[in-house]
Amino acid sequence: MIAAVSENNVIGKSNKLIWNLPTDFEYYKNTVRDKTIIMGRKTAESPDFFFSEKRNLVVTRKEDYKKDGLEVFHNLENAIEAAKNDGEVFISGGSEIYKQALSIAERLYITRVHAVFEGDAFFPEFDKNEWKIVSEKFVKADAQNSHDFTFFVYEKI
Ligand SMILES: NC(=O)c1ccc[n+]([C@@H]2O[C@H](COP(=O)([O-])OP(=O)(O)OC[C@H]3O[C@@H](n4cnc5c(N)ncnc54)[C@H](OP(=O)(O)O)[C@@H]3O)[C@@H](O)[C@H]2O)c1
């Protein structure tokens, strides 16, 4: 799973991101650009969303949902099954999809934004005893990036 998450686990508000972190956005694009990504329908419709150049799978319960560039699935299991031969596959949100996928995720790419935000979408709590940090890089706020943040990669123990 890949997400940018505030100290209080906020990931978005009104179907948008709530910070301006171009360095994180570049990292996100570089990480998923050539990978299959799976996302919820609301994330796919978020104005901030970046699509992979490989495959973009969306889950929705709407029977007749269509959107250019997206493969549509009506449950998460079928989307994951469809991607099983694609190598590393990213769950890219939002809140509902992260919650459902946490128990099967093997790696978490978490950009921890070092601030507290108000929002309406949250990353699920995960038990730090079940995950080990395999990489960590702090980035200081600057003229482009509104907040300090740290790139973490966790792997399931
Ligand atoms: N900070 C980050 O890294 C990050 C990343 C991604 C998203 N976000 C934020 O997260 C927020 C969106 O999250 P969200 O929880 O509101 O929405 P979401 O998870 O993106 O999408 C929810 C939708 O997915 C569909 N869905 C969920 N579970 C399903 C299932 N089991 N089977 C079939 N369809 C299913 C439903 O679509 P239908 O209603 O069409 O049936 C549901 O309404 C936004 O604020 C966005 O900016 C943040």
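Remember, it's 1-based here, ligands and their atoms both numbered in the order they're listed. Reckoned from all heavy atoms, side chains included, excluding hydrogens, waters and symmetry mates.
Of the polar atoms of Q100, at least one N or O is found under 3.5 Å from an N or O of ligand 1, judged by distance alone. At least one N or O atom of S95, backbone or side chain, sits closer than 3.5 Å to an N or O atom of ligand 1. The N/O atoms of S14, backbone and side chain alike, include none that comes under 3.5 Å of an N/O atom in ligand 1. Looking at ligand 1, you'll find an N or O of G94 within less than 3.5 Å of one of its N or O atoms. Between A4 and ligand 1, a contact under 3.5 Å exists for at least one N or O pair. No N or O atom of D120 sits closer than 3.5 Å to an N or O atom of ligand 1. The shortest N or O to N or O distance between A3 and ligand 1 is not below 3.5 Å.
Applying the salt bridge (Lys or Arg N to Asp or Glu O under 4.0 Å) test to residues at least two apart or on different chains, the pairs with a partner in residues 26-46 are E26-K29, R33-E53, K35-E88, R41-E45. Sorted by first and then second residue, the ring pair (Phe, Tyr, Trp, His ring centres under 6.0 Å) pairs involving residues 70-96 (not counting sequence neighbours) are F90-Y109.
Closest approach of G119 and V10 over heavy atoms only: CA-CG1, 3.8 Å. Considering all non-hydrogen atoms of both residues, D127 and W131 come closest at O-CD1, 3.2 Å.
Regarding atom 36 (C) of ligand 1, its nearest protein heavy-atom neighbour is R61 NH1, 4.0 Å. Closest protein heavy atom to atom 21 (O) of ligand 1: K42 N, 3.4 Å.
Listed by number with element, the atoms of ligand 1 under 4.0 angstrom from any heavy atom of H74 are 32 (N), 33 (C).
Between atom 40 (O) of ligand 1 and the options I18, T60, D48, the minimum heavy-atom separation is to T60. Distances from atom 6 (C) of ligand 1 to the heavy atoms of S46, G119, A44, S92 show the closest one on S92.
Heavy atoms of Y98 come nearer than 4.0 angstrom to ligand 1 in at least one pair. Assignment of K99 to the shell around ligand 1 is not supported, since no heavy atom sits closer than 4.0 Å.
The local environment of NZ in K156 is crowded, with over 12 non-hydrogen atoms from other residues, nucleotides or ligands closer than 6.0 Å.
A distance of 5.5 Å separates CZ of R112 from CG of N9, quoted to the nearest 0.5 Å.
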| said: Let's go through E81 and K84 carefully: what are the C-alpha distance in whole Å and the side-chain angles of both, what is the deciding distance for salt bridge (charged side-chain N to carboxylate O under 4.0 Å, His left out) to 0.1 Å, and is it a yes or a no? | reply: CA-CA 5 Å; E81 172 68 20; K84 71 178 180 199; 2.8 Å; yes

